[in-house]
Participant: 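Input: one structure, supplied below.
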Amino acid sequence: LAGCDVPTPPPEMPPPPPGPSNPEAAPYTTAVPSTPDLGFVPLDAPDGHIYFVRDSHLWAIAPDGSNERLLSDMPITDVPVSSADGKQIAWVGGKNLYVMPATGGTARVLYTGDLADYQRLGWSRDQADLGFVTYDLTQVGTEKAWAIPVAGGAPIMLTTIDDGAGDLSGGYERSVQWAPDDHWVLVAGPNNPMTLLRWPVAPGSDSVTRSISGGEPDWAPNSQTILYTETMGGAVLVYDITQAAATPFRNETLFVGNALGSYAQGPAPLWSPASRGTNSDHLIYRSPQTSRRPNVAVRPPVRTTLVSF
């Protein structure tokens with residue numbers, strides 16, 4: 001148009017950045033998480049051994065895959081468990097409870113009886129006692145937990161498990177576990193609840209301290225907290241002895257289940273005592289992803305960072 005001023009168009013504005021001011025883009029943007037810092041330093045430790053079962057016999061191998069050897073040709077029907085100092089190893093073979101030097105040698109029978117299936121033997125931290133579970137054949141569904149001196153002698157009954165699973169196909173792994181300071185002993189049966197007792201137990205006394213609903217327990221290095229599962233596929237919980245209460249363990253996105261399935265048998269949630277520093281004593285547990293794919297999580301109990309594999 002002749003004689004008319006044409007207005008200058010306004011400058012082009014840049015697109016708004018993602019965020020609350022840009023609702024169209026905000027739901028579709030996710031911050032990329034930084035690589036988490038594990039935050040612990042492994043402790044120096046002497047070379048160890050991995051124990052395993054082959055053809056119902058006990059074998060050992062070095063962590064680097066060398067020095068594979070047969071330790072004992074005695075029968076073995078359950079998980080071999082080494083003592084805290086690594087000098088002895090115990091296992092169940094049918095109705096016999098065996099103990100042997102970890103380097104090999106002659107296995108001696110420490111106990112003979114109706115030993116329960118699917119159990120993890122427990123050593124006291126001073127290596128003086130060994131815990132195990134037997135069936136009570138006089139009453140269906142009843143089991144008993146015992147502690148026996150490794151040097152020899154009569155076993156002491158710790159508690160009765162009134163709701164044993166017998167030979168059913170579902171259940172927790174049976175275990176008898178001493179606290180790291182040897183002041184407590186925890187008995188876990190194939191069903192709820194677990195039984196927490198003061199140690200040592202006076203023979204014939206009713207020294208049951210508490211019942212804890214759950215299974216697959218593991219002691220924290222401080223001897224004050226217990227990591228365990230509430231149900232087969234339920235929450236991972238932390239029980240505080242000083243508070244006599246349990247708190248569901250939660251990661252930063254959702255309450256997690258342990259994904260143990262209908263038959264637990266480990267790997268249960270575990271503490272890692274082989275660390276030091278401000279972020280020591282990590283814990284590890286199985287947890288299903290939202291896609292239901294298997295997942296293993298490792299994290300410190302005091303931080304929100306989750307490391308998954």
Side-chain angles (χ1 to χ4, degrees), residues 119-120 122 125 131 133 143 145 158-165 170-199 201 206-273 275 279-288 295-308:
Q119 67 171 295
R120 189 175 297 270
R125 298 308 170 104
V133 179
E143 302 171 4
L158 298 173
T159 188
T160 298
I161 303 171
D162 294 322
D163 194 16
Y172 299 118
E173 186 177 59
R174 300 165 174 88
S175 67
V176 178
Q177 294 189 23
W178 274 265
D181 62 6
D182 268 344
H183 292 166
W184 301 88
V185 61
L186 182 64
V187 176
N191 292 307
N192 292 326
M194 300 182 291
T195 303
L196 180 65
L197 306 98
R198 271 292 192 179
W199 181 261
V201 175
D206 183 11
S207 57
V208 172
T209 304
R210 298 168 197 163
S211 293
I212 305 173
S213 294
E216 304 285 316
D218 191 48
W219 283 96
N222 62 8
S223 297
Q224 294 183 359
T225 49
I226 302 165
L227 187 68
Y228 67 100
T229 69
E230 185 178 29
T231 61
M232 290 299 175
V236 177
L237 285 85
V238 177
Y239 182 90
D240 190 314
I241 290 178
T242 60
Q243 301 294 325
T247 303
F249 182 78
R250 186 183 188 277
N251 69 18
E252 70 274 13
T253 57
L254 71 160
F255 285 96
V256 295
N258 54 57
L260 290 174
S262 62
Y263 197 53
Q265 292 302 288
L270 298 172
W271 293 94
S272 172
S275 56
N279 293 318
S280 62
D281 304 333
H282 284 58
L283 54 89
I284 181 171
Y285 58 94
R286 288 197 293 179
S287 168
N295 187 61
V296 176
V298 180
R299 66 163 286 182
V302 296
R303 284 171 41 180
T304 59
T305 300
L306 178 69
V307 183
S308 299

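Only heavy atoms go into these numbers, but all of them, side chains included; no hydrogens, no water, no symmetry mates. Starting from 1, each residue takes its place in the sequence as its number. Note that the coordinates shown come from a computational prediction; the quantities given were computed from them, not determined experimentally.
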Participant: Looking only at heavy atoms, which two atoms of Ile161 and Gly189 are closest? And how far apart?
Facilitator: CD1-CA, 4.0 Å
Participant: Within the structure provided, determine whether Pro217 and Leu186 are in side-chain contact (heavy-atom separation under 4.5 Å).
Facilitator: yes
Participant: Output yes when a side-chain donor or acceptor of Ser211 lies under 3.5 Å from a complementary backbone atom of Thr195, and no otherwise.
Facilitator: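 Answer holds: no.
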Participant: Does the ring center of Trp199 lie less than 6.0 Å from the ring center of Trp178?
Facilitator: yes
Participant: CH2 of Trp184 to CD of Gln177: how many Å apart, nearest 0.5 Å?
Facilitator: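 Reported value, rounded in 0.5 Å steps: 15.5 Å.
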Participant: Can you see which heavy atom on Arg174 is nearest to which on Val133, and at what distance?
Facilitator: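 Of all heavy-atom pairs spanning Arg174 and Val133, the closest is CD-CG1, 4.1 Å.
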Participant: If I compare all heavy atoms of Gly214 with all of Met194, which pair ends up nearest, and what's the gap?
Facilitator: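 Answer, listing the atom of Gly214 first, then Met194: O-CG, 3.2 Å.
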Participant: Between the side chains of Thr160 and Asp162, is a donor N or O closer than 3.5 angstrom to an acceptor N or O?
Facilitator: no
Participant: Please examine the side chains of Trp219 and Ile241, heavy atoms only from C-beta on, and report whether any two atoms are closer than 4.5 Å.
Facilitator: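 Touching, per the 4.5 Å side-chain cut-off.
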Participant: When you compare the side chain of Arg198 with that of His183, does any pair of heavy atoms fall below 4.5 Å?
Facilitator: yes
Participant: Below 4.5 Å, heavy atoms only, C-beta onward: do Tyr228 and Asp218 meet side chain to side chain?
Facilitator: no
Participant: Show the nearest heavy-atom pair for residues Pro180 and Ser223, with the distance to one decimal.
Facilitator: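 Looking at all heavy atoms of both residues, the closest pair is CD-OG, 3.1 Å.
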Participant: For Arg125 versus Ala179, what's the shortest heavy-atom pair and its separation?
Facilitator: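 Answer, listing the atom of Arg125 first, then Ala179: CG-O, 3.4 Å.
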Participant: Would a 4.5 Å heavy-atom cut-off, applied to side chains only, mark Val176 and Leu158 as touching?
Facilitator: yes
Participant: Run the side chain to side chain donor-acceptor pair (under 3.5 Å) test against Asp182 and tell me which residues pass, sequence neighbours left out.
Facilitator: none
Participant: Quick one: are Ser175 and Glu216 in side-chain contact, heavy atoms under 4.5 Å?
Facilitator: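 Of all side-chain heavy-atom pairs linking Glu216 with Ser175, none is under 4.5 Å.
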